Each structure stands twice: as C-alpha cells, then as structure tokens.
Amino acid sequence: MAARIAYADVEVGTELPGAVFPVDRATLVRYAGASGDFNPIHWNERFAKEVGLPDVIAHGMFTMAEAGRVVTDWVGDPGAVLEYSVRFTKPVVVPDDDKGAEIEVTAKVAALLDDEARTVRVDITARSAGQKVLGLARAVVRLA
C-alpha cells in the first residue's frame, strides 16, 4: 500500500476530510476485549462515579485511534504515518442511552517538514460533547 496523497498537492492549511465516530457502551466492551484493558471505569457506571468520573469513559487509546483514522483514511496507507502523539485532556463520557457519545475529528496540514522526504505534520483536533478531548495531537506523514 502506498500513500495516495502527493506532497506537491498539499500546502500548510490543507484540511483533511473530518469524521464523526460514534461510541457506545458496546463499543467500549468490544475494545476492552481486543485491548485487554478491562479497567471498570470503561464499563461500570457505579465504579466510574465512585472514583469521581461523571460516568463511564472511553479508553484513551481508543479515542487516540479513532482520531488517527482521519489521517490514515486521508493518506491511504497507515504505514505512511511515521509519528503520532497526543495528550489526553478530557475524557469521552459515554452515557448508557441509545445515543452514546461522538468523537468529532478535524485535521489540517500544519507544516511541510522535508521536501526530499515528502513529510508533513498534520495537527488533529478531537472533540466530544463540545470539549477538546485530545491536546497536541500531531502526526508526521510521508506523502507520495
């Protein structure tokens, strides 16, 4: 698989297609099984509230992965992402209702890093319930 976005076709400020990722309690249970992270703050409402959380919260790494999908979907090759980092700023609260929560992700090219290597830095914004849930979310991507 190769990157499908050409370095020559982007500039600082190029916006990537955004996405909205739904998350409900069933999603969290499936992620817990896949990741092995069965911390009760991700599935037990009583426990989450006892430790001071407003409700069950999504796994931080799940939130990070969903935000990263905007970059990998855009570039067309997950292997083109050379670096990816975030800071977890707020939890994604997932109520036990028919809607759950949503993670709204936008991203844009923030810097052209190396013309020869065709690398760019993409800055990512992830929000849930109107709050920024990831800080300093950035990816370095090698383009075609």
Side-chain angles (χ1 to χ4, degrees), residues 1-113 118-144:
M1 193 178 278
R4 66 175 182 232
I5 303 297
Y7 182 80
D9 294 338
V10 301
E11 58 188 30
V12 171
T14 298
E15 293 186 15
L16 284 61
V20 176
F21 301 101
V23 55
D24 59 17
R25 298 281 178 93
T27 304
L28 299 181
V29 170
R30 286 191 300 274
Y31 182 82
S35 68
D37 181 353
F38 293 100
N39 187 324
I41 63 173
H42 303 303
W43 57 270
N44 184 316
E45 184 174 334
R46 179 183 44 79
F47 182 85
K49 289 181 176 181
E50 283 176 1
V51 298
L53 295 168
D55 207 330
V56 165
I57 63 170
H59 302 73
M61 296 303 286
F62 172 82
T63 303
M64 182 181 181
E66 292 292 73
R69 287 177 55 189
V70 167
V71 178
T72 58
D73 288 352
W74 172 69
V75 76
D77 177 9
V81 177
L82 306 178
E83 298 175 25
Y84 180 39
S85 62
V86 306
R87 288 192 181 164
F88 302 106
T89 57
K90 298 275 185 187
V92 174
V93 178
V94 183
D96 188 17
D97 60 17
D98 292 335
K99 293 190 264 182
E102 292 182 330
I103 303 167
E104 302 161 6
V105 183
T106 58
K108 66 180 176 181
V109 174
L112 305 177
L113 299 177
R118 302 178 319 276
T119 54
V120 300
R121 189 187 85 219
V122 175
D123 287 357
I124 305 160
T125 301
R127 296 183 175 279
S128 184
Q131 294 192 34
K132 196 171 178 182
V133 295
L134 298 176
L136 292 176
R138 297 177 171 172
V140 174
V141 181
R142 175 171 289 128
L143 302 178

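It should be emphasised that the depicted structure is a prediction, and the values quoted were computed from it without experimental measurement. Throughout, numbering of the chain's residues begins at 1 and tracks the sequence.
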Considering all heavy atoms, the nearest [X]-[Y] contact:
X	Y	answer
Val12	Ala111	CG2-CA, 4.0 Å
Leu16	Val70	CD2-O, 4.0 Å
Gly33	Phe38	CA-CZ, 3.6 Å
Ala126	Val105	CB-CG2, 4.3 Å
Ile5	Trp74	CG1-O, 3.2 Å
Phe88	Met61	CZ-SD, 4.1 Å

Can a donor-acceptor pair be found, under 3.5 Å and without considering hydrogens, that links the side chain of [X] to the backbone of [Y]?
X	Y	answer
Trp43	Leu28	no
Ser128	Glu102	yes
Tyr31	Ala58	no

Asp55 and Val94, any side-chain heavy atoms less than 4.5 Å apart: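 Val94 vs Asp55: side chains apart.
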Sub-4.5 Å side-chain heavy-atom contact between Leu112 and Tyr7: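 A side-chain contact exists here, since the closest heavy-atom pair is under 4.5 Å.
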Between [atom1] of [X] and [atom2] of [Y], what distance do you get to the nearest 0.5 Å?
X	Y	atom1	atom2	result
Arg25	Asn44	CZ	CG	9.0 Å
Glu104	Lys132	CD	NZ	14.0 Å
Ile41	Ile57	CD1	CD1	4.0 Å
Thr89	Gln131	OG1	CD	8.5 Å
Leu134	Thr63	CG	OG1	6.5 Å
Arg138	Arg87	CZ	CZ	9.0 Å

Stepwise side-chain contact (heavy atoms from CB on, under 4.5 Å) check, Phe62 with Val23: CA-CA 10 Å; Phe62 172 82; Val23 55; 3.6 Å; yes
Check against side-chain contact (heavy atoms from CB on, under 4.5 Å), Val120 and Leu143: CA-CA 8 Å; Val120 300; Leu143 302 178; 3.8 Å; yes
Passing option when Arg142 is tested against Asp77, Val81, Leu82 for side chain to side chain contact (heavy atoms under 4.5 Å, CB included):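 Among the candidates, only Leu82 passes.
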Arg118 atom CZ: more than 12 heavy-atom contacts under 6.0 Å: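 Enclosed.
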